[in-house]
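These values consider heavy atoms only, across backbone and side chains, with no hydrogens, waters or symmetry-generated copies. Starting from 1, each residue takes its place in the sequence as its number. Just so you know, ligand 1 is whichever comes first in the structure, and atom 1 is the first atom listed for that ligand.
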Amino acid sequence: MSFLKIANVSKSFASTQVLNDINIDIAEGEFVVLVGPSGCGKSTLLNTIAGLENVTAGQIEIAGQDVTHTVPADRDIAMVFQSYALYPNMTVEKNITFALEMRGMSAEAQRKACAEVSEVLQISHLLKRKPGQLSGGQRQRVAMGRALVRNPQVFLFDEPLSNLDAKLRVDMRTEIKQLHAKLGTTIVYVTHDQIEAMTLANRIAVMNGGIIQQLGTPDDIYNRPANLFVASFMGSPSMNILDVTLAQKKTGVEVTLPNGDKFTLADSNIDLKSLKDGQVKMGIRPESIMEKAPASSKDFATLNQLIDVVEPSGSDTFVIFQLGETTMNARFAGDSTVKSGEKIKFHLDLRRVHFFDPETGDRL
Ligand SMILES: Nc1ncnc2c1ncn2[C@@H]1O[C@H](COP(=O)(O)OP(=O)(O)O)[C@@H](O)[C@H]1O
Ligand SMILES: [Mg+2]
C-alpha cells in the first residue's frame with residue numbers, strides 16, 4: 001500500500017504547464033529521489049507535496065488521507081531546503097526547537113527532543129552558537145535537525161547539499177543515507193545530481209519538461225533506461241550514443257557502426273519489423289568499452305581505432321576516440337598505459353548495448 005500517493009498531478013503557472021500528469025506511489029519508509037535538469041519541475045512537485053503550491057489537477061494522499069487541499073502545517077511533513085533558512089538571531093538550540101515551542105511543547109520536552117537529534121547529527125557541542133558562527137556543513141546539519149525534531153511522517157529535501165563543497169557533499173550524502181537506514185522515515189529528495197540520485201535512492205523518478213521519464217530502481221534506470229533522455233542524463237561521462245543500422249541475418253541482428261564496422265548480436269529480441277529502415281540509435285556506456293576482453297568471446301566486438309585523447313583521473317583513464325562522426329568515450333582502468341595517437345583494440349561488451357527508436361527516443 002502506498003504511503004505517499006501522487007496521482008495525476010498537474011500544475012500550471014498561468015498558461016505555462018510545469019507538471020504534466022505525475023503519478024508516483026511511495027511506500028512507507030521508501031527513499032525516492034526526483035532527479036532532472038534545472039527547470040524540469042522538481043521543486044514544484046516537492047512543493048505540491050508540502051502544500052506550498054496548489055495543484056492544478058490531481059490528488060495527493062499521505063498515510064491514506066487526502067491532503068490535496070490541506071495547509072502545509074496540517075500535512076505532518078518537514079522540509080529541508082538548499083538555502084538552510086535558519087533564523088540568524090536564534091541559537092542552534094532555539095532554531096531546532098522553535099517549531100516545537102510553536103506547538104506548545106513543554107521546555108523540558110523540547111530540551112530532550114533537541115538533545116536526541118543533536119546527538120544523531122553530532123551537533124550537541126554547537127547548541128549555544130548562532131548560525132553565523134557555523135560552517136556550511138554545520139548549518140546544513142542544523143537545518144536537518146530542525147526537520148528531524150518534528151518527527152514527521154514524510155521528509156522532503158530540496159537539493160540540501162548543493163551549497164556544500166565537493167568533499168563535504170559526499171560525506172553528508174553518506175550521513176543522510178545512514179540516517180534514513182536508522183530512522184526509516186519516508187523521504188522524497190530532490191537533486192539535479194545523478195550520482196546523488198543513484199547512491200541515495202530506493203527508487204528514482206527521472207524528470208524532464210514536467211514529465212516523469214522513468215520511475216524505477218537505480219539498477220533499472222542505469223541498466224535499462226526507458227528512453228534516450230534517461231540514458232544520456234544518468235551516468236558520467238554520459239552514455240555514448242551512435243547512429244547505427246540494424247539488419248536481420250540468419251545468425252542474428254547485424255549492427256553496422258558509423259565507421260562501417262559490423263558485428264552480430266546472436267540473441268537479440270529487437271523487433272526489426274517495427275522499424276522503417278533499420279536506422280536506430282545505439283547506446284553504450286564508457287565502462288562497457290574495454291581495453292581488455294576475454295579472447296575471442298562472442299560477447300565482445302573488437303574495433304581498431306586511433307586514440308585522440310587520454311584523460312587519466314586517478315581511479316580511471318578516460319580514452320576518447322572517433323567512430324565515424326561520433327566522439328566516443330571509453331573508461332579504462334586507472335593504471336592503463338595507453339597513449340594518444342596509438343591505434344589500439346577497443347572491446348565493446350555486446351551484452352550492454354542499448355537501442356532506441358530515433359524518432360520517439362524510446363527504448364527498443
Ligand atoms: N511561481 C512561479 N511562477 C511561474 N513559473 C514558475 C514558478 N515557479 C517555478 N516556475 C517555473 O516552473 C518551471 C519548473 O521550476 P522548478 O520546479 O523550480 O524546477 P527545478 O526545481 O526542477 O529546477 C521552471 O520553468 C520555472 O521557471
Ligand atoms: Mg529546484
Looking at S268 and I270, would you say the former's side chain and the latter's main chain have a donor-acceptor pair under 3.5 Å?
yes
Shortest protein contact, atom 18 (O) of ligand 1 (heavy atom only):
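Atom 18 (O) of ligand 1 sits closest to the protein heavy atom S43 CB, 3.8 Å.
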For atom 15 (O) of ligand 1, which protein heavy atom lies nearest, and how many Å away is it?
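Protein heavy atom with the smallest distance to atom 15 (O) of ligand 1: T44 OG1, 3.7 Å.
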Linked hydrophobic residues, V309 as query - side chain contacts closer than 4.5 Å
I320
Distance under 6.0 Å and angle within 45° of the ring axis: does K298 meet both against F300?
no
Identify all side-chain donor-acceptor contacts of residues 55-62 below 3.5 Å with residues at least two apart in sequence or on another chain.
| from | atom 1 | to | atom 2 | distance (Å) |
| --- | --- | --- | --- | --- |
| T56 | OG1 | S12 | N | 2.8 |
| Q59 | NE2 | D66 | OD2 | 3.1 |

Contacting atoms of ligand 1, where contact means under 4.0 angstrom from a heavy atom of V18
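Those of ligand 1 that fall under 4.0 Å from V18 are 12 (O), 13 (C), 14 (C).
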Heavy-atom distance to atom 20 (P) of ligand 1: which of S12, G39, A14, P37 wins?
G39
Does G36 come within less than 4.0 Å of ligand 1, judged by its heavy atoms?
no
Does the N or O separation between F13 and ligand 1 drop below 3.5 Å for any pair?
no
N/O of E53 under 3.5 Å from N/O of ligand 1, yes or no?
no
Review item, side-chain donor-acceptor pairs of residues 109-118, under 3.5 Å, at least two apart:
| from | atom 1 | to | atom 2 | distance (Å) |
| --- | --- | --- | --- | --- |
| Q110 | NE2 | M105 | O | 3.0 |
| R111 | NH2 | E108 | OE1 | 3.0 |
| S118 | OG | C114 | O | 2.4 |

Within the structure, does at least one protein heavy atom fall under 4.0 Å of atom 27 (O) of ligand 1?
no
Is L303 reachable from M328 through a run of I, L, V, M, F, W or Y residues, each pair having side-chain heavy atoms under 4.5 Å apart?
yes
Contacts of the Mg ion (ligand 2) with protein N/O/S atoms, counting only those under 2.8 Å:
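Those protein N, O or S atoms (cut-off: under 2.8 Å from the Mg ion (ligand 2)) are S43 OG.
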N-O pairing of E175 and R141 below 4.0 Å
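Here E175 pairs with R141 in a salt bridge, since their nearest N and O are under 4.0 Å apart.
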Carboxylate-amine/guanidinium proximity below 4.0 Å for K167 and D171
yes
Can you see which heavy atom on L46 is nearest to which on F157, and at what distance?
CD2-O, 3.4 Å
Give the intermediate values and the outcome of side chain to side chain contact (heavy atoms under 4.5 Å, CB included) for residues V35 and D193.
CA-CA 7 Å; V35 69; D193 181 327; over 6 Å; no
